[in-house]
> 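First, the structure itself, so that you have it in front of you.
Here is the naming used below: chain letters follow the sequence lines, and residue numbers restart at 1 for every chain. It should be emphasised that the depicted structure is a prediction, and the values quoted were computed from it without experimental measurement.
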Amino acid sequence: MAVVNMVQALNMALRQEMEKDPSVLVLGEDVGVNGGVFRVTEGLLERFGGERVMDTPLSECGIVGAAIGMAAFGFLPVAEIQFMGFIYGAFDQLASHASRLRARSRGRFSCPLVIRTPYGAGIKAIELHSESTEALFAHIPGLKVVVPSGPASAKGLLTSAIRDPDPVLFLEPARLYRMIKEEVPEGPYTIPIGRARMARKGRGLTIISWGSMLQKTMKAAEGFDADVIDLQSLSPWDEEAVMASVKKTGRAVIVQEAPRTCGFASEIAACLAEEAIAYLRAPVMRVAAYDVVMPLARLEDFYMPGIGTIRKTIEEALKY
Amino acid sequence: MAVVNMVQALNMALRQEMEKDPSVLVLGEDVGVNGGVFRVTEGLLERFGGERVMDTPLSECGIVGAAIGMAAFGFLPVAEIQFMGFIYGAFDQLASHASRLRARSRGRFSCPLVIRTPYGAGIKAIELHSESTEALFAHIPGLKVVVPSGPASAKGLLTSAIRDPDPVLFLEPARLYRMIKEEVPEGPYTIPIGRARMARKGRGLTIISWGSMLQKTMKAAEGFDADVIDLQSLSPWDEEAVMASVKKTGRAVIVQEAPRTCGFASEIAACLAEEAIAYLRAPVMRVAAYDVVMPLARLEDFYMPGIGTIRKTIEEALKY
Amino acid sequence: MAEKTIATFEVRRLEILDEEGNADKALMPSLTGDDIRGIYEKMLLSRAFDERALRLQREGRLGTYASIRGQEAAQAASAFAAEKSDWIFPSFRETGVQITVGYPIFMLFQYWSGDERGMKCPDDLSVFPICISVSTHLPHAVGAAIAMKLKKQKKAAIVYFGDGATSKGDFHEAFNMAGVFKAPVVFICQNNQWAISVPLSRQTAARTLAQKALAYGFPGIQVDGNDVFAVYRAASEALHKARDGEGPSFIECQTYRISDHTTADDSSRYRPAREVEYWRAKDPIKRLKTYMEKEGLLTEDYQRQLEEKNESALDEAFRKMEEIGPPPPSEMFARTFKEPTRREDIEMRSFVDGGG
Amino acid sequence: MAEKTIATFEVRRLEILDEEGNADKALMPSLTGDDIRGIYEKMLLSRAFDERALRLQREGRLGTYASIRGQEAAQAASAFAAEKSDWIFPSFRETGVQITVGYPIFMLFQYWSGDERGMKCPDDLSVFPICISVSTHLPHAVGAAIAMKLKKQKKAAIVYFGDGATSKGDFHEAFNMAGVFKAPVVFICQNNQWAISVPLSRQTAARTLAQKALAYGFPGIQVDGNDVFAVYRAASEALHKARDGEGPSFIECQTYRISDHTTADDSSRYRPAREVEYWRAKDPIKRLKTYMEKEGLLTEDYQRQLEEKNESALDEAFRKMEEIGPPPPSEMFARTFKEPTRREDIEMRSFVDGGG
Ligand SMILES: Cc1ncc(C[n+]2csc(CCOP(=O)(O)OP(=O)(O)O)c2C)c(N)n1
Ligand SMILES: Cc1ncc(C[n+]2csc(CCOP(=O)(O)OP(=O)(O)O)c2C)c(N)n1
Ligand SMILES: [Mg+2]
Ligand SMILES: [Mg+2]
């Protein structure tokens, strides 16, 4: 076990998978010589050379599009989009191609590709560097969406994503890159995609979160008798774990960083309203950002759901 | 009053707004000489000339991007994206720019632009011509999303969209373009954006739908004592109307054409689970397409939610 | 200190076979009589398929179809230049390419009737599924080509698209990446002068499409797209260069879409019959046929036999498609992911319990 | 039948002021001594702002900032060529442009400190908000330019971007639309050789960026971007052409980013100090200063006064920003739509009740 932060954990996963399987490639803007603007790909170019670690032009559509071609041709590309706010140039490639190649070719071709991208607020960045738009991608059949919440889950989930036979969007909470350090196994390991992690056990309430909000959620949950579920995967997501917990506790609070309307929390709440309503003792409550254009750095702390709001919502849910 | 289909009603709205306000422009692929592949812009070029009705290159990003510039410069552009499946090339322009220009410039510039696009299945089209991905756009703060369900609402809503000071994505259910004829006022009129229409009144159940599914929903609702709500706008949407109805009936069925996960129905269900749970006598049920890559024409009837499924779901809800 | 010229460029056009069926011997590519017959046969079969598809569509037995009439030379001759090991990335108007490389015809019927099983490329071919969203498949070809290069294989990717496609960002990003990575890819534009109702002059202010390659640092050439020999020669040279590590090329085939855009279109709304007539006279099949007759490569007998063979091949292919029948609804639940998710399982069960 | 040249092109480079401060009289644009002093003053103020911003950022009093050091000529001289009625579309590295056209400096401080109120362009200027997503603002400039043309106004749009931006689809679609609609837009690329750590050679295989205009049927020129006169002349000619209805132009300014990409970057990781030194010697301010000294346009007094004036203007602007203070959280709820929606109202109330 090594005590590492998320950047290091991700780097370990990439390095180990590249060691293990020569078909794993890394490509993107500044991923080579510079080691990535967050240093997630640091040292890979030196270790694996320019044919496996490709600095690309500034070309999100080209990066993802070319990665699709490489994936169809037998490679396992891990493409980096420098910030999630710049993924939209590749949206068509993801929605119309990566996610559909297997279906369209009836399995003759497939698209085992990973798109890594940092997301989320809290790093006082300039505009478009801080949004959380995971729900957009979870609505695309054929695309998997995975979001780690700490170094250990980051390494295990990225390893799974690379080995997954289908395209995976892998969202890295930028605020947590260097914030949390934890023990992470030295060797390769996987965490199954589509399965949640019970981050804490309790009886009176279920709190569901993922990625960037998990750490705040854990803090907010202190002192409450609550299950805290770290979803880990949004598509597919672990409905069974969530249902089992809510049926047990009768109360659900869902915490997301994205604006409320049509966020991923809505999907969870909808499933609960459909399948667990008889067990619900309180309204299903969502903690989310406001439905406004995200402000710049000086207001981001007001915009992001905070520990205070989460606690208040928990207390509210417990009133029922 | 004239009895017209939706194509004609949309054409009337465009023509009347162009007559009224010289700053209204139309642009897109094949909108000029050809009058649009569905003929919605037919006759506009002849009437208003090539400066106000612009055939553009095959360039979704360019079309929407240029329309943003025109809108900022004082025009009211109505851009056509030939099919919703091709809007992703313009996704970045919509998500990063159209929706944010007012906020980003603190109101110095605005973006009073309309993007019209046909959507939805049931026309036996080739791939990528039949999806319903409205939920993606409803998650973008700063963008309005409007979906008419028939000729009369199409005309009134499009008129409102053109006059709206903010960007509006206007989704036209292709299957209904020529299917429904109804009486439509000859002169210009508006239907407020953000307000639902009570399509039918009842007491035992609330059925919520919009756009392409409304007509099927109305058929399915026959014989049931149900409120049928035609949302008309998805962003902003009429939470008040939905809440009032569900609090009255205690039961909700939501019908969407899109795949279930993270569709717009999930947002409605989540709000009900949050704000109306005490009134709910039955689970909130969603009728939706499957979470799979949409099949080609020969299977589309199996994929689209049908009247039978809606009826069965209604019966299910009424069992509680 | 000066205003000086720092780079000069020229764009060339290749023509070998004229409208009277005379070939420029000096430029003639090395093709045997059998090769020429081979191309001719594919062109003829492509046209026969096209006519059949249009007829079946009119009869309501096929879905919307995009005719290739007039573009047979650009398609067959370029595809003929490809090796079996090259990878092909078609748009929706490449039936002639698919037929030339031996894509099963009954599967083309399946596809155009709305049955995705038609897009499952047989294992011995490397033809990507048809791309409907204009120009978005170009990056895939570049990625595949980079992959070939990484594997040090002597292969190339060939990607087909129209004049309208040159306006899209995907075109640009793909061309640019191809240039930067010196990817073994051949970009073939079938400039058929129209993108539905939008004429080339509305698509670009550039004099030629070929010159667009200059922006990416690799060669572009214009060829008479109705001239099999020019197309073959340009494609073959470009493919060899690609396989030899000399990077990408761009070929603009100047041709014409004789039919409507698709069976859902009515081109008389936007273009003059005169223009269509002008291009009909340049028919690529007629032109090659005249050449072959002059060269003694074609007899009436051979022609008749070919026509008969094509008709019966089409009959048989369509019959096969009909025999196979429509796809079972379960097809819908296969292949979204390699392993169905739990949600898909639930939905499939609910479907079996009576969905739709 | 032939292989013939159907088009030829050349790319030119303009240089007027050399590194020793000598100007080529024959090519010299018509600028008065006051004009030249005007440009010089803007360059000096831009650099002073830049140095101040870097210092403030290090002290934690400003957010991430993108330095323009080395690019002052390309920015100030081109912006100086613009009329007040022209519209300007900057990227994130155009502080020199904003300063040249008179954008209030305290607002630039606001913006770079993370306060969106800094992007509310004063009513008497037409400067679009900074575009962060590379190259995505180019279509806006084209749309605005088309609008100017429709209104028959003698105006132009000027849009700034970097070398990296030329790889994006938005660049392509904007250039193409500009060509097709003959839009009065001037595209100015500040080719500073790097896109973060990616050198130009990884960005494109083209010899020059200027030649990219050939793909769109309008002129492109390369200028020495550290040469105020070459930049001014090219920009001014392009703007006049645009306003006169002669369509778009593209100007590649060859320059260099002397500093790190932003304050979050460490360029020593990826580029040799030698290269930076080489370009430092080409400093655009030093070069103009030498010229002005030779021409008697600059005295030590004038220089000292300018420097003092700049320092106090910066002091004052920063003080003003601090006095105004951080944006109130209510700013967050303004301006998503013209009229707040019901949902926004609810959320604003819940915020007032204690959000965050
Ligand atoms: C991205 C995208 N936008 C719009 C369409 C609708 N559409 C289908 S074909 C076509 C014209 C294509 O023209 P071109 O590229 O010249 O190919 P051609 O049809 O002439 O073979 C259009 C606009 C599409 N399929 N994809
Ligand atoms: C679409 C997009 N992708 C990635 C980024 C991250 N990023 C910011 S600046 C930059 C490099 C820009 O290079 P260039 O266009 O040459 O401008 P310069 O920074 O040199 O002025 C990158 C990759 C971005 N802002 N937008
Ligand atoms: Mg065409
Ligand atoms: Mg640069």
Side-chain angles (χ1 to χ4, degrees), chain A residues 22-23 25 27 51-52 54-75 77 79 89-90 92-93 95-113 141-144 164-167 193-194 235-240 271, chain C residues 87 89 116-123 125-133 136-153 155 157 159 168-170 172-181 183 185 327 331-332 334-344 346:
Chain A
S23 54
L25 303 176
L27 72 161
E51 299 212 326
R52 294 186 61 197
M54 290 178 256
D55 274 321
T56 66
L58 207 164
S59 179
E60 282 77 11
C61 165
I63 292 166
V64 175
I68 291 170
M70 294 173 189
F73 202 84
F75 283 98
D92 200 13
Q93 289 295 333
S96 306
H97 291 294
S99 61
R100 304 175 78 115
L101 184 56
R102 181 185 295 282
R104 183 181 292 149
S105 69
R106 298 284 89 196
R108 168 66 205 278
F109 300 107
S110 64
C111 195
L113 126 82
L143 187 65
K144 297 187 179 178
D164 197 275
D166 287 303
I193 292 178
S235 177
W237 65 283
D238 197 341
E239 294 180 47
E240 281 172 307
C271 285
Chain C
W87 277 41
F89 295 78
E116 37 264 282
R117 290 174 304 172
M119 278 300 101
K120 178 167 183 157
C121 177
D123 283 342
L125 295 179
S126 292
V127 181
F128 234 54
I130 281 175
C131 178
I132 294 295
S133 186
T136 58
H137 58 313
L138 274 64
H140 312 159
V142 174
I146 294 173
M148 291 164 188
K149 190 175 164 179
L150 293 177
K151 289 194 182 167
K152 306 201 169 21
Q153 294 172 329
K155 292 183 180 182
V159 53
K168 281 280 292 180
D170 304 66
H172 178 71
E173 300 200 20
F175 268 57
N176 190 53
M177 291 267 275
V180 167
F181 288 105
V185 54
E331 274 291 323
M332 200 160 68
R335 312 288 186 201
T336 287
F337 293 112
K338 182 142 192 249
E339 306 293 341
T341 62
R342 187 180 154 275
R343 165 60 55 194
E344 271 184 89
I346 294 172

> Checking the side chain of C/Glu173 only, and the main-chain atoms of A/Cys61 only, is there a donor and an acceptor separated by less than 3.5 Å?
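Yes; judged by distance alone, with no hydrogens or angles, the pair exists.
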
> Which residue pairs satisfy the side-chain hydrogen bond (donor to acceptor under 3.5 Å, both in side chains) criterion with at least one member in residues 142-151 of chain C, sequence neighbours excluded?
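Residue pairs passing side-chain hydrogen bond (donor to acceptor under 3.5 Å, both in side chains), neighbours aside: none found.
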
> Output the option from C/Asn176, C/Thr336, C/Leu150, C/Val180 having the highest count of non-hydrogen pairs under 4.5 Å with chain A.
C/Leu150

> Can you name the side-chain hydrogen bond (donor to acceptor under 3.5 Å, both in side chains) partners of C/His140, sequence neighbours left out?
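Checked C/His140 against side-chain hydrogen bond (donor to acceptor under 3.5 Å, both in side chains); matches are A/Gln93.
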
> Chain A heavy atoms under 4.5 Å from C/Glu344: which part of the residue, side chain, backbone, both or neither?
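Neither part, no heavy atoms under 4.5 Å.
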
> Looking at C/Ile130, C/Leu138, C/Ile146, C/Asp123, which one has more heavy-atom pairs under 4.5 Å with chain A than the rest?
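Most heavy-atom pairs within the cutoff with chain A belong to C/Asp123.
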
> Taking side chain as everything from C-beta outward and backbone as N, CA, C, O, which of these in C/Val127 sits under 4.5 Å from a heavy atom of chain A? Side chain, backbone, both or neither.
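Contact with chain A is through the backbone of C/Val127 alone.
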
> Between C/Lys152 and A/Glu51, does any NZ, NE, NH1 or NH2 come within less than 4.0 Å of an OD or OE carboxylate oxygen?
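Looking at C/Lys152 together with A/Glu51, the answer is yes, because their closest N to O distance falls below 4.0 Å.
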
> Name the region of C/Ile346, side chain, backbone, both or neither, that has any atom closer than 4.5 Å to a heavy atom of chain A.
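It is neither, since no heavy atom gets under 4.5 Å.
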
> Spell out, as yes or no, whether a donor-acceptor pair under 3.5 Å connects the side chain of A/Arg104 to the backbone of A/Ser96.
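The answer is yes, because a donor-acceptor pair under 3.5 Å joins these two groups.
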
> What part of C/Phe128 lies closer than 4.5 angstrom to a heavy atom of chain A: side chain, backbone, both or neither?
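Both backbone and side chain.
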
> Quick one: what part of A/Leu25 sits under 4.5 Å from any heavy atom of chain C, side chain, backbone, both or neither?
side chain

> Taking side chain as everything from C-beta outward and backbone as N, CA, C, O, which of these in C/Thr341 sits under 4.5 Å from a heavy atom of chain A? Side chain, backbone, both or neither.
side chain

> Side chain from CB out, backbone as N, CA, C, O: work out which of these in A/Ser110 comes under 4.5 Å of a heavy atom of chain C, or both, or neither.
neither

> Under 3.5 Å, is there a donor-acceptor pair between the side chain of A/Arg106 and the main chain of A/Ala103?
yes

> Under 4.5 Å heavy-atom distance to chain A, tell me which part of C/Ile132 shows up: side chain, backbone, both or neither.
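Contact with chain A involves no heavy atom of C/Ile132 at all.
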
> Using a 3.5 Å distance criterion without hydrogens, assess whether the side chain of A/Thr56 forms a donor-acceptor pair with backbone atoms of C/Met177.
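Absent.
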
> Using only atom types and a distance under 3.5 Å, with no angle test, would you say the side chain of A/Arg102 pairs donor to acceptor with the backbone of A/Pro165?
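At least one qualifying donor-acceptor pair exists.
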
> I'd like to know which of C/Lys338, C/Met119, C/Glu339 tops the heavy-atom pair count under 4.5 Å against chain A.
C/Lys338

